[in-house]
Amino acid sequence: MGISGLLPLLKSIQVNKHLSDFEGQTLAVDAYVWLHRGVYAYAYVWLHRGVYACATDLATGKKTTKYVDYAMHRVRLLRHHKIQPYVVLDGGPLPAKKGTETERRQRRAENLAKANALAAQGKHSQAREFYVKCVDVTPQMAYQFIKALRTEGVQYVVAPYEADAQMAYLERIGLVDGIITEDSDLLVFGCRKVLFKLDSVSSTITSISRVDFGSVTAAEGGISLLGWTDSQFRAMAILSGCDYLPSIPGVGLKTAWSLLRKHRTVEQLVRALRLEGKKPVPKGYLEAYRLAEKVFLHQRVYCPLEEKLVSLTEVPAQDVMDAETEAYIGR
DNA sequence: TGCTAGTACTCAG
DNA sequence: GTACTAGCA
């Protein structure tokens with residue numbers, strides 16, 4: 001779910017750009033977004049055409065590779081504007097995210113069961129609603145996409161775990177100039193240039209740059225990020241709730257922002273909240289916070305230069321990493 | 001005022 | 001994954 005409410009909060013530094021502005025650059029592409037949209041779109045269209053047969057196959061997109069056309073169309077669009085795409089695919093599930101994953105899988109299975117039941121009763125329009133809710137990108141679909149990428153000589157990499165961390169690494173070591181995604185998490189991973197909402201009709205895209213964070217103003221009830229370090233920004237995001245750690249109940253982005261301004265460090269902040277007793281800080285929160293922070297900092301990624309697994313950012317020598325932590329961030 | 005949880009959406013000749 | 005918003009403390 002990314003960081004809820006982060007993009008609206010950064011509205012004032014969002015810049016609309018044309019793809020031609022990126023001519024000559026290499027941009028990492030979050031493959032999952034394009035595949036999911038492709039699958040969803042075509043599942044949606046078929047269901048509205050009344051193609052209910054083989055509903056399971058429909059939901060998983062097995063019988064077609066139309067979704068690849070959608071993704072490849074966008075790959076070609078980038079190339080048309082002389083942008084070199086560097087497609088990044090998700091790898092295995094990260095232990096830190098296992099809870100979210102199983103929850104989602106379960107919901108999809110429930111929706112599929114509901115859809116099948118409704119379809120059996122002849123209630124097709126109601127069934128459609130639930131079929132659409134169980135579309136998912138399978139590894140088989142990703143493989144179909146990879147085959148198309150190979151055919152057209154497009155650079156790609158499969159991340160050992162999450163594409164987010166992999167893309168952040170590619171940008172950090174200078175293999176790409178920016179990242180195309182729909183996920184606000186990339187900003188928390190410390191990316192410098194993140195591009196959202198690619199519109200293939202107008203060839204436009206919304207850009208958010210790390211260097212502009214200082215221009216985020218406190219006007220109109222917003223927050224000011226002037227002077228905020230990457231570390232502080234990351235703390236705010238994690239405190240507000242992220243994929244690796246739910247928030248302290250009642251704490252969103254703005255509350256996290258003002259709490260951090262007041263207490264400076266997360267340790268002091270948590271201590272203060274527990275003393276006040278107004279918000280229920282879960283037991284072991286601080287430890288869980290440290291783990292979540294490590295996932296954003298040191299998640300395992302693949303280095304195409306060294307051809308081996310490395311940490312997104314180097315783990316400081318004094319930072320002892322026990323086996324449990326290692327398992328959490330990927331090994 | 002800000003957080004939560006719900007709904008609607010993802011295509012495109 | 002996102003955006004939007006009614007309802008709540």
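All values below were derived from every heavy atom in this structure, side-chain atoms included, with hydrogens, water molecules and symmetry-related copies excluded. If you're wondering where the values come from, they're calculated on a predicted model, not measured in any experiment. Lettering of chains follows the sequences in order, A, B, ..., and the numbering in each one begins at 1.
Under a cut-off of 6.0 angstrom, the local environment of NZ in A:Lys66 is sparse, with at most 12 non-hydrogen atoms contributed by other residues, nucleotides or ligands.
Checked against the 6.0 Å centroid threshold, A:Phe296 and A:Phe189 count as a close aromatic pair.
Counting only distance, with no hydrogens or angles, the side chain of A:Gln166 and the backbone of A:Tyr302 share a donor-acceptor pair below 3.5 Å. Although no hydrogens or angles enter the test, the distance criterion places a donor-acceptor pair under 3.5 Å between the side chain of A:Asn111 and the main chain of A:Arg107.
Along DNA chain B, the nucleotide nearest to A:Val251 and the one nearest to A:Arg74 differ in position, and the one closer to the 5' end is contacted by A:Val251.
Proximity of A:Tyr70 to the phosphate of B:dC11: a side-chain N or O atom is located under 4.0 Å from OP1 or OP2. Regarding contacts with the backbone of B:dC3, a side-chain N or O of A:Thr255 is found under 4.0 angstrom from either OP1 or OP2.
We find that OH of A:Tyr42 is positioned 11 Å from C1' of B:dG13, with the value rounded to whole Å. The CG atom of A:Asp69 sits 10 Å away from the P atom of B:dA12 (whole-angstrom rounding). B:dC3 atom P lies 9 Å from atom CG of A:Leu9, rounded to whole Å. The nearest whole Å value for the distance from the CZ atom in A:Arg37 to the P atom in B:dA12 is 11 Å. Separating the CG atom of A:Leu253 from the C1' atom of B:dT1 is a distance of 15 Å, rounded to the nearest angstrom. Distance CD1 (A:Ile248) to P (B:dG2): 18 Å, rounded to an integer number of Å. Residue A:Met72 contributes atom CE, which lies 19 Å from atom C1' of B:dA12 at whole-angstrom precision. We find that NZ of A:Lys133 is positioned 8 Å from P of B:dA8, with the value rounded to whole Å.
Contacts between chain A and DNA chain C, taken as any atom within less than 4.0 angstrom of a protein heavy atom, begin and end at C:dG1 to C:dA3.
Salt bridge annotation for A:Glu293-A:Arg290: present, with a cationic side-chain nitrogen under 4.0 angstrom from a carboxylate oxygen. Salt-bridge formation is detected for the pair A:Arg76/A:Glu152: a Lys NZ or Arg NE/NH1/NH2 atom is positioned less than 4.0 Å from an Asp or Glu carboxylate oxygen.
The residue from A:Trp257, A:Phe213, A:Trp228 that alone fulfils the ring pair (Phe, Tyr, Trp, His ring centres under 6.0 Å) condition with A:Phe233 is A:Phe213.
Using a 4.0 Å heavy-atom criterion, one finds that A:Thr181 contacts no nucleic acid atom at all.
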